[in-house]
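Data block below; observations after.
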Amino acid sequence: MAGGIRLRAWRATLGGLMVVLAALTACAGPYQYYEGTGLHDATAAEVEGGWGNVEGTRVVLHKDGTALFEKLDGQDFDFEDGWRLSGTGTWQLTDDNGGQAVRLTLTARTRAESRSPVTATDTSTPEPPSAYAWSFYVDRDQNHELKLFFFYGDPDIGNTYVMTRETGS
């Protein structure tokens with residue numbers, strides 16, 4: 001009889017532990033543990049120039065470390081607020097164990113707009129920030145050309161916001 005009670009107690013404890021572990025790992029999306037691309041061979045000269053994406057975003061990274069931003073969306077959950085920022089700021093190519101990243105900082109916003117008419121008229125949408133910082137991972141495509149990207153939206157989905165070199169840059 002005592003053995004049966006112990007077995008039931010053991011099962012209940014194990015079951016409770018499994019529920020707690022499942023709850024703790026339920027929101028562990030693909031980029032929450034992303035450590036980078038592992039790329040360490042990009043140079044600042046390769047990163048300099050114009051970058052764009054299919055949504056009409058444009059970023060120009062100047063040799064002197066200054067940057068121009070046009071319609072750049074928010075990173076991570078800020079993307080869901082729907083704002084797009086334009087202005088000037090700075091950029092820096094960094095390198096750590098996980099790989100290289102381009103850090104962009106908007107220091108002077110010249111324009112803020114909405115990605116969709118719905119968020120433009122929604123009064124609950126937060127005010128776009130006057131300054132903002134992004135961190136783009138640096139990687140190479142199948143043609144060994146650089147691409148810059150960050151993750152946006154729900155971390156469980158793993159959406160990427162990709163910037164590619166503008167033609168002629």
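By the ring-ring contact (aromatic ring centres under 6.0 Å, His included) test, Phe79 is found to be paired with Tyr152, residues two or more places apart in sequence or in another chain being considered. Scored by the side-chain hydrogen bond (donor to acceptor under 3.5 Å, both in side chains) test, Thr90 finds no partners at all (sequence neighbours excluded). Partners of Asp141 under the salt bridge (Lys or Arg N to Asp or Glu O under 4.0 Å) rule, at least two apart in sequence or in another chain, do not exist in this structure. Remark: Tyr132 engages Trp83, Trp134 in a ring-ring contact (aromatic ring centres under 6.0 Å, His included) (not counting sequence neighbours). Thr66 pairs by the side-chain contact (heavy atoms from CB on, under 4.5 Å) definition with His62, Asp64, not counting sequence neighbours. Residues passing the side-chain contact (heavy atoms from CB on, under 4.5 Å) test with Ala131: none are found, sequence neighbours excluded. By the side-chain contact (heavy atoms from CB on, under 4.5 Å) test, Ala42 is found to be paired with Leu39, Glu46, Gln100, Val138, Arg140, Leu146, residues two or more places apart in sequence or in another chain being considered. Under the side-chain contact (heavy atoms from CB on, under 4.5 Å) criterion, Ser135 pairs with Gln75, Ala101, Arg103, not counting sequence neighbours. Annotation: salt bridge (Lys or Arg N to Asp or Glu O under 4.0 Å) contacts of Glu145 (sequence neighbours excluded): none. Listed by chain and residue number, Arg111 satisfy the salt bridge (Lys or Arg N to Asp or Glu O under 4.0 Å) test with Glu113 (two or more places apart in sequence, or in another chain). Contacts of Thr105 classified as side-chain hydrogen bond (donor to acceptor under 3.5 Å, both in side chains), with partners at least two apart in sequence or in another chain: none.
The shortest heavy-atom contact between Phe77 and Asp154 is CE2-CA, 3.8 Å. Across all non-hydrogen atoms, the minimal contact from Gly89 to Thr107 is CA-OG1, 3.4 Å.
Taken to the nearest 0.5 Å, the CE atom of Met163 stands 11.0 Å off from the CD atom of Glu55. Atom CG of Leu61 sits about 6.0 Å away from atom CG of Leu104, to the nearest 0.5 Å. Here NE2 of His144 is found 11.5 Å from CG of Asp139. Values are rounded to the nearest 0.5 Å. Considering CG of Asn53 and NZ of Lys147, their distance stands at 13.5 Å, rounded to 0.5 Å. In this structure, CH2 on Trp51 lies 14.0 Å from OG1 on Thr57, to the nearest 0.5 angstrom.
Screening residues 83-98 for salt bridge (charged side-chain N to carboxylate O under 4.0 Å, His left out) gives Asp73-Arg84 as the qualifying pairs, with residues at least two apart or on separate chains.
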> Does the side-chain contact (heavy atoms from CB on, under 4.5 Å) test come out yes or no for Leu148 and Tyr161, once each step is laid out?
Replying inline: CA-CA 8 Å; Leu148 308 177; Tyr161 192 93; over 6 Å; no
>> Walk me through whether Phe69 and Leu85 qualify under side-chain contact (heavy atoms from CB on, under 4.5 Å).
In response: CA-CA 7 Å; Phe69 309 96; Leu85 301 177; over 6 Å; no
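Note on Val162 and Phe151: same hydrophobic cluster, where clusters join Ile, Leu, Val, Met, Phe, Trp and Tyr whose side-chain heavy atoms are under 4.5 Å apart, directly or indirectly.
With Ser86 contributing its side chain and Lys71 its backbone, the two residues share a donor-acceptor pair below 3.5 Å.
Trp91 is not listed as a side-chain neighbour of Leu68, based on a closest heavy-atom distance of 4.5 Å or more.
Between the side chains of Tyr137 and Thr160, no donor-acceptor pair is found at a separation under 3.5 Å.
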